[in-house]
Amino acid sequence: MVDESVIAALAGVSVTTSLPFLLYGAWIMIDAETVSWNVLMRHLRYIVAGLLLTTVPLVGWMIPRVLDQLTGMAILHAFFGVQAYALLAFALTGIVRIFQAKRNADAYEDLDVDIDEIHEDMGHWRKRLRAGVAGFMLLWLCAWVTGLYRLFTLHFGV
């Protein structure tokens with residue numbers, strides 16, 4: 001059987017590897033003047049890869065062990081992680097509405113469409129998206145730092 005420290009290190013490497021994917025996926029959207037279908041798909045490829053690299057170790061390694069390790073740092077790490085995913089869910093409520101409105105208006109194909117003219121609630125949805133994504137990344141970073149601290153203190157005696 002593989003030592004628990006090796007699995008913990010692999011989970012840490014996976015989560016750490018997801019950061020460049022998440023940041024580059026965000027950069028694709030920030031850098032784009034208009035979001036075409038191709039830009040959206042490119043963005044989603046990076047974001048989905050980053051989320052998979054984070055979520056698979058979370059579900060397969062961290063969640064099953066959290067109740068066995070109820071220390072202050074474990075609770076703090078879990079709190080940051082749960083809050084990050086809650087804000088991601090909040091962002092998704094904006095993303096879904098924006099996607100639906102842009103799809104109905106063919107705004108992914110007709111790049112001259114003013115996104116704010118598509119729907120009266122577009123500004124609200126975009127604020128929700130921005131707040132959710134920014135909150136997700138901030139709390140994800142907090143969870144990542146506390147997770148690395150726990151990894152090194154529990155498994156490598158640092």
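This is a predicted model, so every value here is computed, not measured.
With rounding to the nearest 0.5 angstrom, the CE atom of Met122 is 9.5 Å from the CG atom of Asp114. Taking OG1 of Thr71 as the start and CG of Leu154 as the end, the distance is 7.0 Å to the nearest 0.5 Å. Here the CG atom belonging to Leu151 is positioned 11.5 Å from the OG1 atom belonging to Thr146, to the nearest 0.5 angstrom. Atom CE of Met73 sits about 10.5 Å away from atom NE2 of His77, to the nearest 0.5 Å. We find the CH2-OG1 distance between Trp144 and Thr16 to be 5.5 Å, quoted to the nearest 0.5 Å. Here the straight-line distance linking atom CD1 of Ile115 with atom CD1 of Ile98 works out to 6.0 Å at 0.5 Å rounding.
Below 30°, between 30° and 60°, or above 60°: for Trp37 and Tyr108 the angle between ring planes is above 60°, a perpendicular geometry.
With hydrophobic clusters built from ILVMFWY side chains whose heavy atoms lie under 4.5 angstrom apart, Tyr46 shares a cluster with Met41. By the rule that hydrophobic residues join a cluster once side-chain heavy atoms approach within less than 4.5 Å of another member, Ile28 and Leu129 end up as members of separate clusters. Residues Ile63 and Leu67 fall into different hydrophobic clusters, defined by Ile, Leu, Val, Met, Phe, Trp and Tyr side chains chained together at heavy-atom separations under 4.5 Å. When hydrophobic clusters are built by joining Ile, Leu, Val, Met, Phe, Trp and Tyr residues whose side-chain heavy atoms come closer than 4.5 Å, directly or via intermediates, Ile75 is not grouped with Val82. Val145 and Phe152 fall within a single hydrophobic cluster, where Ile, Leu, Val, Met, Phe, Trp and Tyr are joined by side-chain heavy atoms under 4.5 Å apart, directly or via other members.
Considering all non-hydrogen atoms of both residues, Ile118 and Ala105 come closest at CG2-CB, 3.9 Å. For the pair Val35 and Lys102, the tightest heavy-atom approach, listed with the atom from each and the gap, is O-NZ, 3.2 Å. Shortest non-hydrogen contact noted between Pro64 and Leu58 is CD-O, 4.2 Å. Closest of all the heavy-atom pairs between Ala26 and Ile47 is N-CD1, 4.0 Å.
With contacts defined as side-chain heavy-atom distances shorter than 4.5 Å, the pair Leu76/Phe80 qualifies. Residues Val113 and Asp106 form no side-chain contact, since every pair of their non-hydrogen atoms from C-beta on lies 4.5 Å or further apart. Residues Tyr85 and Thr54 form a side-chain contact, since some pair of their non-hydrogen atoms from C-beta on lies under 4.5 Å apart. Residues Val15 and Met62 meet the side-chain proximity criterion, which asks for heavy atoms closer than 4.5 Å. Met137 is listed as a side-chain neighbour of Leu19, based on a closest heavy-atom distance under 4.5 Å. Side chains of Trp140 and Ser18 form a contact here, defined as non-hydrogen atoms less than 4.5 Å apart. Using a 4.5 Å heavy-atom threshold, the side chains of Phe136 and Leu51 count as touching.
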Legend entry - Chi angles and distances behind the side-chain hydrogen bond (donor to acceptor under 3.5 Å, both in side chains) call for Arg97, Gln100: CA-CA 5 Å; Arg97 297 293 184 205; Gln100 288 173 336; 3.1 Å; yes
Inset, instruction - With side-chain contact (heavy atoms from CB on, under 4.5 Å) as the test, would you mind laying out the steps for Asp116 and Arg126 before giving the verdict? - result: CA-CA 9 Å; Asp116 291 318; Arg126 292 175 77 192; 3.1 Å; yes
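Side chain of His43 to backbone of Gly25: a donor-acceptor contact under 3.5 angstrom is found. A donor-acceptor pair is defined here as one N or O able to donate and one able to accept, closer than 3.5 Å; such a pair exists between the side chain of Thr93 and the backbone of Phe90. No side-chain donor-acceptor contact under 3.5 Å links Ser14 to the backbone of Leu10. At distances below 3.5 Å, not a single donor-acceptor pair connects side-chain atoms of His119 with backbone N or O atoms of Ala101.
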